[in-house]
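Since the structure comes first, as structure tokens, the remarks are kept for the end.
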Amino acid sequence: MSYEEHKRLRRLTSSSINGLEALSLYLTYIEENVKSSLEKWVNMGQIEFLTELRKLAFKVTMHIFLGSECRDYVMEALEKEYITLNFGIRAMRINLPGFAFHKAFKARKNLVAKFQLIVNERRKQRNENLSKQAKDKMDARIGVEDENGIKLSDEEIIDVMIMYLNAGHEVFRTCYHVDYLVPTKAPRILPKG
């Protein structure tokens, strides 16, 4: 991808997600889900904290990009494929059946196919509905145009979705690392936190 193309893509995709105003739209949803997750975790007994945080991050990210109409079974299927992709990205690059890297390629293809169905459905809804108002970030990506009137392709929209899924996942991992692991490894810091 050329520098100019990268700049164009970043300009078209980041403006609607960055900033206090954009995130404040989802603050209530995030707060409600964090509270309900914390209550659920208390009742679960022993949990794998990072795994549960990742599930929460995935749920929030999917809500931001696909809206409230994203069904649980769709979210679970997407999450399963994304987890496989994420493990494979960090694995040794052995592209043979049975290896994590190979599984990641298959998972990405599955994710792309699932997101393509969603994009197709959204485009169909936009064509049938005269109102072009975006309900969520997916609709915003479908409707956005650059200064030359060129819209994002389906491939670009899907790539951005996968990129933001990864970004949301990594933010939680970093927060977990800084807020939980670092203080436990340095006991003299723990009482101050």
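Start at 1 with the first residue, then count along the sequence.
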key: side-chain contact (heavy atoms from CB on, under 4.5 Å) partners of Lys80, counting only residues at least two apart   = none

ask   = What pairs with Val144 under side-chain contact (heavy atoms from CB on, under 4.5 Å), at least two apart in sequence or on another chain?
value = Leu12, Leu152

Under the side-chain hydrogen bond (donor to acceptor under 3.5 Å, both in side chains) test, residues paired with [X] that sit two or more places apart:
X: Lys59; answer: Asn33
X: Lys124; answer: none
X: Asp154; answer: Gln116, Arg123
X: Thr28; answer: none

task = Could you walk me through whether Gln125 and Arg122 pass side chain to side chain contact (heavy atoms under 4.5 Å, CB included), step by step?
result = CA-CA 5 Å; Gln125 289 172 359; Arg122 292 297 179 87; 3.6 Å; yes

With [X], which residues qualify under salt bridge (charged side-chain N to carboxylate O under 4.0 Å, His left out), at least two apart?
X: Arg93; answer: none
X: Arg108; answer: Asp159
X: Glu32; answer: none
X: Glu76; answer: none

Are [X] and [Y] side-chain neighbours, meaning at least one heavy-atom pair lies under 4.5 Å?
X: Arg8; Y: Glu5; answer: yes
X: Tyr82; Y: Asn166; answer: yes
X: Ile89; Y: Phe87; answer: no
X: Val60; Y: Leu56; answer: yes
X: Leu66; Y: Met161; answer: yes
X: Met62; Y: Leu78; answer: yes
X: Glu121; Y: Ile118; answer: no

Determine the minimum heavy-atom distance between [X] and [Y], stating which atoms define it.
X: Ala77; Y: Lys114; value: CB-CE, 4.0 Å
X: Ala104; Y: Gly88; value: CB-CA, 3.5 Å
X: Leu165; Y: Phe58; value: CD2-CE1, 3.6 Å

message = Connecting only ILVMFWY residues whose side-chain heavy atoms lie within less than 4.5 Å of each other, what is the rest of Leu96's hydrophobic cluster?
response = Met92, Ile94, Phe99

ask   = If you link I, L, V, M, F, W and Y whenever their side-chain heavy atoms are under 4.5 Å apart, who else ends up in the same group as Phe101?
value = Phe105

query = Around Glu48, counting heavy atoms of other residues, nucleotides and ligands shown, do more than 12 lie under 6.0 Å from its CD?
reply = no

Could you tell me whether a side-chain N or O of [X] sits under 3.5 Å from a main-chain N or O of [Y], the two making a donor and an acceptor?
X: Asp146; Y: Asn148; value: yes
X: Arg126; Y: Ile142; value: no
X: Glu156; Y: Ser153; value: yes

Let me confirm one number: the [atom1]-[atom2] distance from [X] to [Y], rounded to the nearest 0.5 Å.
X: Asn86; Y: Glu81; atom1: CG; atom2: CD; answer: 13.0 Å
X: Glu79; Y: Lys55; atom1: CD; atom2: NZ; answer: 6.5 Å
X: Lys103; Y: Asn95; atom1: NZ; atom2: CG; answer: 13.0 Å

request  = Apply the test salt bridge (Lys or Arg N to Asp or Glu O under 4.0 Å) to residues Lys7 and Glu4: give CA-CA distance (whole Å), side-chain angles for both, the deciding distance (0.1 Å), then the verdict.
outcome  = CA-CA 5 Å; Lys7 224 165 98 172; Glu4 289 76 25; over 6 Å; no

Worked check of side chain to side chain contact (heavy atoms under 4.5 Å, CB included) between Val119 and Met138 = CA-CA 8 Å; Val119 170; Met138 175 67 84; 3.7 Å; yes

key: Full working for side chain to side chain contact (heavy atoms under 4.5 Å, CB included) between Asn110 and Leu85   = CA-CA 10 Å; Asn110 293 339; Leu85 172 64; over 6 Å; no

query = Can you hop from Leu111 to Leu117 via hydrophobic side chains spaced under 4.5 Å?
reply = no

Parallel, tilted or perpendicular, as decided by the 30° and 60° cut-offs, for the rings of Tyr26 and His63 = perpendicular

